[in-house]
Amino acid sequence: MIKIDPVYPDETTLVEAAKIIRRGGLVAFPTETVYGLGADAYNREAVKRIFKAKNRPMDNPLIVHICRLEWLEMVARKAPNEAYMVAERLWPGPVTLVLWKSETIPGEVTAGLPKIAVRFPSHPVAAGLIERSVVPIAAPSANLAGRPSPTTAQHVIQDLYGRIELILDGGETLFGVESTIIDLTTEPPKLLRPGPIPTEDIERVLGIRISIPDYARGLSEAKIAESPGTKYRHYAPETPLKLVEARDYHDLNYYSAKVLEIAEEHRSKGFRVIILASQETGRRYAEKGLRVIELGSRKNLYEVAKNLFNSLRIIDELRTDLAIVEGFEEKGLGLTIMNRLRKASRHDRVLVV
Ligand code: AMP
Ligand code: MG
């Protein structure tokens, strides 16, 4: 592991990391979303090693990362106008576009699918590494399959130490949740995974509606052809996680009373309970002697999203029997948060009304 300045990355370090990529090695690197585990997208063997290192099922495709708009035509074909509209406004940044795959990209990258997911990251380390590797970099999140995505280099060590050549430690990532994925091969475009950029923002850029299937809300599993990544266990801590949802979160007094009731019911049966709560309600549970992890304010969902995966990892370290997590309103980033929480809870959800 090598420390690297996230804003002004050291040239020698980037060149060293790029050499590893060129030789077919694996490098974990920070992006503005989460840490990625990268390999040369043109090198089949290197790409296969990503799946091995993560224990990732071979039918779950990777995202290809580029550092110049001109590279889009190297990896995708027939990119529609909409792709350039999004690219112009939101790239570099945390948005991934699904397009028709170019022939030159090996099928291992896309798990045999005819479509390819492409992203142009804004993080100076990610961009610098791709630039110096002079190849598109295929990268999923740098965690073991099924675990919460890594937002620090320490998380990458927890999961992948000894399995990969290099970890670039650029500190905590900015958004802390994976990119928004939009499929532009369908009409209308389809949200495959909500992320840091709200769907509403992309609709405004495109001037058209984007369809939001149930699986993008974390409500069901996708058919494999649509969004393969949504088919598997995801983000889940070892500790059982129960998600308490409400129709709306206007009456927090009432809502938190219900959450408290559920927590106390389990505690009275001898369970060690921990609650992942918003800043607005956390104190109420703590006052009753319950352990609380505060995710952030309901008025600043960026904060909640950023703290989410780290909190899911901490749950296991604290050795409790049950974690109860509060829900959030499904608007803007709230949709992104609820997608992750519904999957992390493996659909152990209660609705309080
Ligand atoms: P990760 O960033 O670790 O979640 O992995 C990349 C995710 O991008 C996958 O799990 C898929 O959900 C999505 N993805 C990648 N390529 C495609 C594709 N060709 N079609 C649909 N979704 C894709
Ligand atoms: Mg992942």
Side-chain angles (χ1 to χ4, degrees), residues 26 28-39 41 47 50-51 53-66 72 75-79 83 94-102 105-121 123 126 136-151 155-156 159-160 164 173 175-186 189-196 211 213 215-218 220-236 308-309 312-313 336 339-340 343-344:
L26 305 184
F29 58 95
T31 80
E32 68 274 24
T33 58
V34 301
Y35 274 73
L37 178 60
V47 169
I50 291 181
F51 289 87
K54 287 190 49 133
N55 291 334
R56 184 181 178 95
M58 288 297 289
D59 63 352
N60 192 0
L62 313 177
I63 293 173
V64 169
H65 296 70
I66 59 175
L72 186 59
V75 299
R77 58 192 175 85
K78 295 191 292 189
V95 178
T96 297
L97 298 178
V98 169
L99 304 164
W100 296 110
K101 181 176 102 56
S102 127
I105 297 290
E108 280 79 1
V109 172
T110 61
L113 294 173
K115 300 178 185 183
I116 188 165
V118 191
R119 178 160 118 73
F120 183 161
H123 196 292
I137 291 185
S141 50
N143 52 282
L144 285 174
R147 300 251 300 146
S149 298
T151 58
H155 296 162
V156 182
D159 283 18
L160 299 178
I164 62 179
T173 59
F175 290 109
V177 284
E178 309 88 336
S179 59
T180 307
I181 307 182
I182 306 285
D183 188 343
L184 289 181
T185 68
T186 62
K190 191 170 16 177
L191 178 72
L192 299 184
R193 177 175 75 188
S211 78
Y215 62 77
R217 299 172 58 206
S220 70
E221 309 303 310
K223 278 172 263 136
I224 177 158
E226 295 184 273
S227 194
T230 64
K231 179 168 86 121
Y232 296 102
R233 186 195 125 153
H234 245 97
Y235 317 123
L308 196 60
F309 287 135
L312 291 177
R313 281 178 182 258
T336 306
N339 164 291
R340 305 306 189 272
K343 290 181 179 181

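Because only heavy atoms are used, hydrogens play no part in the values below, and waters and symmetry mates are left out as well, while side chains stay in. Both counts, for ligands and for their atoms, begin at 1 and track the order of listing.
- Looking at ligand 1, you'll find an N or O of Arg193 within less than 3.5 Å of one of its N or O atoms.
- Atoms of ligand 1 lying under 4.0 Å from any heavy atom of Leu192, numbered from 1 in the order shown and given with element: 21 (C), 22 (N).
- In summary, the atoms of ligand 1 found under 4.0 Å from a heavy atom of Ile63, numbered by their order in the structure, are 6 (C), 8 (O).
- Neither the backbone nor the side chain of Asp183 comes within 4.0 Å of ligand 1, counting heavy atoms alone.
- Per-residue contacts place Ile181 under 4.0 angstrom from the following atoms of ligand 1 (heavy atoms of the residue considered): 8 (O), 13 (C).
- In terms of N/O distances under 3.5 Å, ligand 1 is not approached by Glu178.
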Step-by-step side-chain contact (heavy atoms from CB on, under 4.5 Å) determination, Leu62 to Phe51: CA-CA 9 Å; Leu62 313 177; Phe51 289 87; 3.8 Å; yes

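- Inspection of the Arg119 and Thr31 side chains reveals an N or O donor paired with an N or O acceptor under 3.5 Å.
- Side-chain N/O atoms of Lys115 and Thr185 include a donor and acceptor closer than 3.5 Å.
- When all heavy atoms of Asn339 and Tyr235 are compared, the closest pair comes out as OD1-CE1, 4.3 Å.
- In summary, the atoms of ligand 1 found under 4.0 Å from a heavy atom of Pro140, numbered by their order in the structure, are 3 (O).
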Verdict with reasoning, Arg340 to Glu178, per side-chain contact (heavy atoms from CB on, under 4.5 Å): CA-CA 10 Å; Arg340 305 306 189 272; Glu178 309 88 336; 2.8 Å; yes

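- For the side-chain contact (heavy atoms from CB on, under 4.5 Å) test with Thr180, the passing option among Leu191, Thr96, Leu97, Thr336 is Leu191; the others fail.
- Closest heavy-atom contact between Ala344 and Ala236: O-CB, 3.7 Å.
- Close approach of ligand 1 to Ser141 (heavy-atom distance below 4.0 Å) involves ligand atoms 1 (P), 2 (O), 3 (O).
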Mind running side-chain contact (heavy atoms from CB on, under 4.5 Å) on Phe309 and Asn143 for me, showing each step along the way? CA-CA 11 Å; Phe309 287 135; Asn143 52 282; over 6 Å; no

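- At under 3.5 Å, not a single nitrogen or oxygen of Thr110, backbone or side chain, sits near a nitrogen or oxygen of ligand 1.
- Residue Ser141 comes nearest to Val34 through the heavy atom pair CB-CG2, 3.9 Å, listed as atom of the first residue, atom of the second, then distance.
- Considering only non-hydrogen atoms, atom 19 (N) of ligand 1 lies nearest to Lys115 out of Lys190, Lys101, Lys115, Lys54.
- With a 4.0 Å cut-off on non-hydrogen atoms, Thr96 does not touch ligand 1 at all.
- For the Mg ion (ligand 2), the set of nearby N, O or S atoms under 2.8 Å includes none belonging to Ser149.
- Of all atoms in ligand 1, numbered sequentially from 1 with element shown, those under 4.0 Å from a heavy atom of Arg56 are 3 (O), 5 (O), 6 (C), 9 (C), 10 (O).
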